[in-house]
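Just so it is clear: chains get the letters A, B, ... in the order the sequence lines come, proteins before strands, and each one is counted from 1. These numbers were taken from a predicted model, which means no experiment stands behind them.
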Number of protein chains: 2
Amino acid sequence: MGGDHAPEAVVRGAIQAHTEGDPVVLVGDERVVRERVPEGVEIAVVHAPDRVGMGERPSVARSREGVSVRVAAEEVASGRCRALVSCGNSGATLVSAVIEIGKLAQVGRPAIATSLPRLDGGTLRLVDVGTTTDASAAQLLDFAKLGMALARVEGVERPRVGLLSNGSEPGKGNRLVREAVEVLETLGPSFVGPMEPTSAFEGQCDVLVSDGFTGNVLLKTAEAVIGMLGVHVGRRVRASRRARFGAWWMQPTIQQVREDLDWRSRGGALLLGVRRPVVIAHGRSDADAVRAAIGLAHYACDAGLVVAVQGALASPHLPSGRSGEQA
Amino acid sequence: MGGDHAPEAVVRGAIQAHTEGDPVVLVGDERVVRERVPEGVEIAVVHAPDRVGMGERPSVARSREGVSVRVAAEEVASGRCRALVSCGNSGATLVSAVIEIGKLAQVGRPAIATSLPRLDGGTLRLVDVGTTTDASAAQLLDFAKLGMALARVEGVERPRVGLLSNGSEPGKGNRLVREAVEVLETLGPSFVGPMEPTSAFEGQCDVLVSDGFTGNVLLKTAEAVIGMLGVHVGRRVRASRRARFGAWWMQPTIQQVREDLDWRSRGGALLLGVRRPVVIAHGRSDADAVRAAIGLAHYACDAGLVVAVQGALASPHLPSGRSGEQA
């Protein structure tokens, strides 16, 4: 029931995933959901009479009965479903996941991890991008471990952790960054230091750790700049006959770049530190984005993300599994 | 003597400005500077035997004698020059400016303002992007007033102030943002609220206020994304014969977009809150960027930036000059 294009986009994306072999259970107002499911499509719907609006306080998920994201989290907690996907109010998703599914031992607060493309072809995992706007240095260490676990699940054997800062020189950073540098040193050689966004995008780290406020500003700045550039270039091209001709020839490549940059294909962000995979999809998600988010949730289950995260957190210093070398 | 391409780029950019009617005095190691000035060019050089390196602590400008940026600030303080331009260590420039030139009354700490292009053709002034990594809500109000004064000097009659945040809804933001919202309300209708980067770039405000850490991360993320996109698109184009053909036709437009995005043409950032105009140019500045920075410094003098800032700070609540209405 959540997201800017719900329930239409959510139902369509879910049906697509379901029929393509990624099974889905829909949770929401049964009548509203059912009437959007075409005849002949067999998909389970669990009834939830209420919902949390995008502008409402996340705590509503705690106090109100029968809220759809909370009911969905119950389905996961009970084992009837194996992962939760939502493109609704992300705070409400967090609250529901923590109450129903529960946090992993040693996790103070779960974090949201977003994957971004790097210039060297690799992936940059940015943690946290939203749950903890005022983080402590100890929480940043947790985020680092969560991000490293994710990177390892995705095939990076020895993930390098960077700390988002305004410069890599000593003395740079705000108070939190300077404190966190000392705490992150406990990761040993996995911690490659504080760094500017450019260095991270160039590939100097696999996991970029940040408080949720700054991480979110980075993410939204990147989205804003990409969107602005697209509009600006479009205007310049339309203003020139010659450029329009050139652009016609470049069409397939332009389309390719558009797809490369399309956040929808990435399927959303992962809530790390809870007992089952939870995918927080973009509020703007259309059916394709919902379909990708469901794919990501199934991938996280199949790849054993939660077990990997649990393992990483259990090892106090070197989550890269090289603690033997250290000793 | 400061900057990645000093002294060559600085001397060349300065000579260009000087011969084009924007007079310049160079400050640095006289022998080193003089030997880079071509014969026939008449330009004053003030000797400064020492310099602050890019990796050195800014406080070096306080403790060491004869450091070039400090000597340059003395020249401005004495009235022999009217503005200071540096592309060296920005912290050392700040320290030198505060010691020699002095802060305006009511300014706790000067702020660095960077101007960015907006999607609607206007200018977004981002304050602060570096001096105060851990700001208080009261300091953010100072930054707002400094930014509004700059906007007014640049012809915006009633500048709108936004507060950089991860969302505009109540409850969003980190602790500082939530505190600052209340303090900024004293600006009256000039304060248009907390907002995401996208809204600011779209044109919802003329001044975007932030602590220096987050502002710097925004700025560097924007630079990183623009750089990355350029490289990525270039790769995609080179990989396709058809796209290469199209790109040939688009060449003039591509060149135009490149110039639109070129930070060098903007001439650097302004240090607001000191008694004379100070331009902090990019460390990567080449001769063109240095020339633009000198142009910006002269513009700030001619436009009466410092007087305007002083006036804005003297009015406690409504720096837009509408305090009469308020009473």
Side-chain angles (χ1 to χ4, degrees), chain A residues 54-55 57-58 91 117-119 130 133-134 164-167 169 171-177 196-198 200-202 210-214 216-218 220-229 231-233 236-237 239-240 242-243 245-254 256-257 260-261, chain B residues 54-55 57-58 91 117-119 130 133-134 164-167 169 171-177 196-198 200-202 210-214 216-218 220-229 231-233 236-237 239-240 242-243 245-254 256-257 260-261:
Chain A
M54 292 304 264
R57 292 193 158 274
R118 282 186 337 216
L119 202 49
T133 50
D134 292 283
L164 177 59
S165 186
N166 58 337
E169 304 88 352
K172 285 273 185 174
N174 58 10
R175 205 177 301 131
L176 172 64
V177 165
E196 298 187 0
T198 312
F201 280 120
E202 278 171 357
S210 166
D211 65 88
F213 179 78
T214 316
N216 200 278
V217 166
L218 185 158
K220 283 175 175 160
T221 301
E223 284 182 5
V225 170
I226 290 171
M228 266 214 330
L229 269 183
V231 173
H232 181 71
V233 171
R236 284 287 191 210
V237 169
S240 149
R242 190 181 152 149
F245 178 71
W248 185 84
W249 285 94
M250 288 182 74
Q251 209 48 62
T253 299
I254 292 170
Q256 201 172 34
V257 168
D260 296 339
L261 298 176
Chain B
M54 292 304 263
R57 294 197 155 271
R118 284 187 332 219
L119 202 50
T133 50
D134 291 284
L164 177 60
S165 186
N166 58 336
E169 304 89 353
K172 285 272 184 174
N174 58 8
R175 206 177 301 132
L176 172 64
V177 165
E196 298 186 1
T198 311
F201 280 121
E202 279 171 355
S210 166
D211 65 89
F213 179 78
T214 316
N216 200 278
V217 166
L218 185 157
K220 283 175 175 160
T221 301
E223 284 182 4
V225 169
I226 289 172
M228 266 215 328
L229 269 182
V231 173
H232 181 70
V233 170
R236 284 288 191 209
V237 168
S240 148
R242 191 183 151 146
F245 178 72
W248 185 84
W249 286 93
M250 287 181 74
Q251 211 47 64
T253 300
I254 292 170
Q256 201 171 34
V257 168
D260 295 339
L261 299 176

Under 4.5 Å from a heavy atom of chain A, the part of B/Asn216 involved: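 For B/Asn216, the contact with chain A is made by the side chain alone.
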
Proximity breakdown for B/Leu164 and chain A, heavy-atom pairs closer than 4.5 Å: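 Contact with chain A involves both backbone and side-chain atoms of B/Leu164.
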
Which value, rounded to the nearest 0.5 Å, describes the distance between [X] atom [atom1] and [Y] atom [atom2]?
{"X": "B/Glu169", "Y": "A/Arg57", "atom1": "CD", "atom2": "CZ", "result": "11.5 Å"}
{"X": "B/Lys172", "Y": "A/Thr133", "atom1": "NZ", "atom2": "OG1", "result": "9.5 Å"}
{"X": "B/Thr214", "Y": "A/Asp211", "atom1": "OG1", "atom2": "CG", "result": "7.0 Å"}

Over all atoms of both residues, closest heavy-atom pair of A/Arg118 and B/Met228: C-SD, 4.4 Å

Closest non-hydrogen atom pair, B/Ala224 against A/Thr198: CB-OG1, 3.6 Å

Sort out for me which of [options] touches chain B most, counting heavy-atom pairs under 4.5 Å.
{"options": "A/Gly173, A/Gly91, A/Gly130, A/Gly212", "result": "A/Gly173"}
{"options": "A/Gly167, A/Pro58, A/Pro197", "result": "A/Pro197"}
{"options": "A/Val231, A/Ile254, A/Asp260", "result": "A/Asp260"}

Can you tell me which portion of [X] sits under 4.5 Å from chain B's heavy atoms? Options are side chain, backbone, both or neither.
{"X": "A/Leu229", "value": "side chain"}
{"X": "A/Glu223", "value": "neither"}
{"X": "A/Thr221", "value": "both"}
{"X": "A/Ser165", "value": "both"}
{"X": "A/Pro117", "value": "backbone"}

Pair A/Arg242-B/Thr253, side chain to side chain contact (heavy atoms under 4.5 Å, CB included): steps then yes or no: CA-CA 9 Å; A/Arg242 190 181 152 149; B/Thr253 300; over 6 Å; no

Derivation of the side chain to side chain contact (heavy atoms under 4.5 Å, CB included) call for A/Phe213 and B/Leu176: CA-CA 11 Å; A/Phe213 179 78; B/Leu176 172 64; over 6 Å; no

Under 3.5 Å: donor-acceptor pair, side chain of B/Lys220, backbone of A/Asn166: yes

Heavy-atom neighbours of A/Arg175 CZ exceed 12 at 6.0 Å: no

